[in-house]
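Have a look at the structure below before the remarks.
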Amino acid sequence: MTAGIDHDATGEGDSAAHTDAPAELTAGSEWAEARELLYDMVSTPSVSGDEEAAAEVLKAFFEAHDREVWIDEVGNVRAPADDSVLLTSHIDTVPGDIPVTVEDGALWGRGSVDATGPLCSMAAAAVETGVSFVGVVGEETTSRGAWHLVEDREEPDAVVNGEPSGWDGVTLGYRGFLSGTYVATSELGHSSRPEDNAIQSAVAWWSRVADFFDEEHDGVFDTVTTKPVSFDGGPTDDGLAVEATVDVQFRVPPRLTIEDVREVAEGELTRGSVHWNKPIPPVMMSPRTDVARAFRVAIRGVGDTKPRLLRKTGTSDMNIFAGTWDCPMATYGPGDSDLDHAPNEHLELDEFDDAIDVLVAVCERLADD
């Protein structure tokens with residue numbers, strides 16, 4: 001176990017914090033150095049595919065605390081230690097230029113909520129408690145960092161994935177994700193002919209698939225969401241045929257499998273075929289695991305409040321971890337998820353501190369168990 005964070009750090013010496021950070025950033029905080037890391041990371045652009053500079057900032061933070069750390073071949077920041085817990089969140093953000101400022105106790109900037117806030121709270125907790133940490137890349141696009149991680153390291157005893165849940169909430173479930181491209185070709189004929197061409201077949205196929213899943217169960221989380229995201233069709237260059245392509249996406253609830261949805265989509269084909277992309281399975285963790293129990297105890301201990309157990313309608317890297325590793329896990333992090341990708345993205349700094357306290361308590365409890 002490392003010596004932990006110097007809670008009275010001022011940003012001088014080996015800490016990699018910006019020297020121009022406003023005084024309000026650290027005023028009255030027991031986690032001043034962690035707040036400086038947060039400011040530095042949010043100030044460093046890290047759009048998916050361009051995370052190198054932010055990865056170096058994160059790596060320097062662990063080096064300053066004498067932790068083993070390196071950047072792997074896909075760009076993940078790896079700081080292995082006590083594998084009783086693996087804390088992991090993503091380095092990348094979506095595009096968007098939001099001036100980095102501290103106003104009325106909140107840090108504004110792209111990534112402050114999704115997910116640089118969770119990432120930095122985990123980095124601080126990992127240094128404080130000596131547990132393992134990975135900052136992964138590409139979560140907002142292909143999740144290449146998470147896919148590489150599950151193929152490249154052994155399963156830890158427990159995983160805490162970093163996404164905004166609010167300091168008093170913990171996420172136990174996510175819907176899965178399936179995407180693909182429908183492709184059909186038909187002979188080009190006069191428009192007066194009654195036979196459907198490829199474009200009509202594509203429209204009819206998607207209508208049948210969407211109608212099949214057009215039934216809301218107990219809320220959106222338990223429903224299959226169907227979305228066509230692009231449509232293209234017309235005569236081929238040689239003028240002899242008509243082609244149609246449709247890019248489609250499905251959000252899959254844990255009550256179904258990816259294969260269930262794929263079978264329905266393929267069963268409605270009368271012409272053409274669907275070329276599927278690599279799927280991400282749904283996940284629903286029990287609230288009775290050691291990880292969920294540790295969060296409930298920690299949240300009550302930090303804020304004397306009832307923990308919120310959440311299910312998210314989107315997808316996260318936790319889906320990938322749960323699809324490969326058979327260990328308890330949950331997703332946690334400070335911030336209001338309604339601000340994900342928003343032009344007014346900002347994080348309350350007191351909530352950031354509370355989240356670190358919760359994560360430290362969770363890691364210590366799981367390590368003792």
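Along the sequence shown, the residues carry numbers beginning at 1. Everything numeric in this text was worked out from a predicted model, so none of it was measured.
Judged by distance alone, the side chains of S132 and D83 do bring a donor and an acceptor atom under 3.5 Å apart. For the residue pair D350/W167, the side-chain donor-acceptor check at 3.5 Å is not satisfied. For the residue pair N161 and T88, no side-chain donor N or O sits within less than 3.5 Å of a side-chain acceptor on the partner. Checking D232 against T245 by side-chain atom types alone, no donor-acceptor pair falls below 3.5 Å.
Salt bridge R35/D353: present, at least one basic N to carboxylate O contact under 4.0 Å. A salt bridge is defined here as a Lys NZ or Arg NE, NH1 or NH2 lying under 4.0 Å from an Asp or Glu carboxylate O, and R110 with E140 fails to meet this definition.
Judged by distance alone, the side chain of R311 and the main-chain N or O of F221 form no donor-acceptor pair under 3.5 Å. Between the R365 side chain and the R293 main chain, no donor and acceptor come within less than 3.5 Å of each other.
Between Y332 and F295, the ring planes lie tilted relative to each other; the angle falls in the 30° to 60° range.
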Begin from the C-alpha positions of T315 and R251 and carry the test side chain to side chain contact (heavy atoms under 4.5 Å, CB included) through to its verdict. CA-CA 8 Å; T315 307; R251 298 287 179 169; 2.7 Å; yes

Test side chain to side chain contact (heavy atoms under 4.5 Å, CB included) applied to N277 and F177, step by step: CA-CA 10 Å; N277 300 317; F177 182 74; over 6 Å; no

Kindly indicate, with the supporting measurements, whether the criterion side chain to side chain contact (heavy atoms under 4.5 Å, CB included) is fulfilled by L87 and C363. CA-CA 9 Å; L87 300 179; C363 292; 3.9 Å; yes

Take E128 and I356 through the side chain to side chain contact (heavy atoms under 4.5 Å, CB included) test and state the conclusion after the steps. CA-CA 10 Å; E128 182 72 14; I356 299 173; over 6 Å; no

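Two residues are said to be in side-chain contact when any heavy atoms from C-beta on lie closer than 4.5 Å; V362 and V85 fail this criterion. Side-chain contact between I320 and L149 is absent, with no heavy atoms from C-beta onward closer than 4.5 Å.
When each of K59, R144, R78 is tested with D72 by the rule salt bridge (charged side-chain N to carboxylate O under 4.0 Å, His left out), just one qualifies, namely R78.
Ring-centre distance between Y182 and W206: not below the 6.0 Å cut-off.
A chain of hydrophobic side-chain contacts below 4.5 Å, direct or via other Ile, Leu, Val, Met, Phe, Trp or Tyr residues, connects V246 to W276. Note: the hydrophobic cluster containing W108 does not contain V113 (ILVMFWY, side chain heavy atoms under 4.5 Å, direct or indirect links). Hydrophobic clustering, with ILVMFWY side chains joined whenever heavy atoms are under 4.5 angstrom apart, groups I71 together with M41.
Smallest separation of non-hydrogen atoms from W325 and E154: CZ2-O, 4.2 Å.
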